[in-house]
Amino acid sequence: MSDVRSIHNLALVGFMGTGKSSVGRLAAEQLRFAFIDTDEWIEHEVGRSISEIFAQQGEAAFRQYERDVVNALSARRDTVIATGGGLVADASNLASLKSHALVVCLWASPETIWERVRDQTHRPLLQSPDPQAKIRELLEQRGPAYRQADVLVHTGFRSTKEVVQQVLHQFHHARK
Ligand code: S3P
């Protein structure tokens, strides 16, 4: 069996606030690829916001929606996919993405993430009494999953534009 990967798409994974959606949108523009954000897809399909889904149906239902999206994505070509921060915590989601996409993880320290998300209210997992502790806890839990990505890109001291260039460089290199 050949071990050559089929890289038709680019998938961005990583923690909340690492810039997956903004980097993904710009990367898609430059590649002239379609852009899909898994959270937006779910909100559109279900007709509810992520916060409403968590509140009314629970996190387990949301994770099932994520698995459904991941399955639907395997037929895509020429698409940049920005994923929700917890999506690759399920190893089968990561394996599925890797079967058709280069998986790039955007990385940031807990402090940087906190600075980026502290004024936002749309993430149910961070509506906790101690969101900074929650960030550290989830990052620790998910670190091993994120490190299974094909490429890790640190976003801390880079502008969005620089991160996009770095991601595109890795993508072109992987497709050579
Ligand atoms: C989540 C991250 C969110 C969204 C949901 C759960 C997570 O996406 O999927 O609130 O478990 O980390 P972003 O990473 O785009 O914020």
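Start at 1 and go down the list; that is how both ligands and their atoms are numbered. Start at 1 with the first residue, then count along the sequence.
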**Prompt:** So, does Arg142 use its side chain to make a donor-acceptor pair with the main chain of Gly85 at under 3.5 Å?
**Reply:** yes
**Request:** For the residue pair Val167 and Leu106, establish whether any side-chain heavy-atom pair is separated by less than 4.5 Å.
**Result:** yes
**Item:** Taking every non-hydrogen atom, the tightest pair across Glu162 and Ser159
**Value:** OE1-N, 2.8 Å
**Request:** Let me know which protein residues bring a heavy atom to under 4.0 Å of ligand 1; chain then number is fine for ordering.
**Result:**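 These residues qualify: Met16, Lys20, Asp39, Ile50, Phe62, Arg63, Gly84, Gly85, Gly86, Arg123, Pro124, Leu125, Arg142.
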**Asked** With a cut-off of 6.0 Å (strictly less than), are more than 12 heavy atoms of other residues, nucleotides or ligands near CD of Glu140?
**Response** no
**Prompt:** Which word best sums up how the rings of Phe62 and Phe54 line up, parallel for under 30°, tilted for 30 to 60°, or perpendicular for over 60°?
**Reply:**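 Rings of Phe62 and Phe54: tilted, as their planes differ by 30° to 60°.
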**Message:** Run the side-chain hydrogen bond (donor to acceptor under 3.5 Å, both in side chains) test on Ser109 and Thr112 for me, step by step, so that the C-alpha distance in whole Å, both residues' side-chain angles and the decisive distance to 0.1 Å come before the verdict.
**Reply:** CA-CA 5 Å; Ser109 68; Thr112 303; 2.9 Å; yes
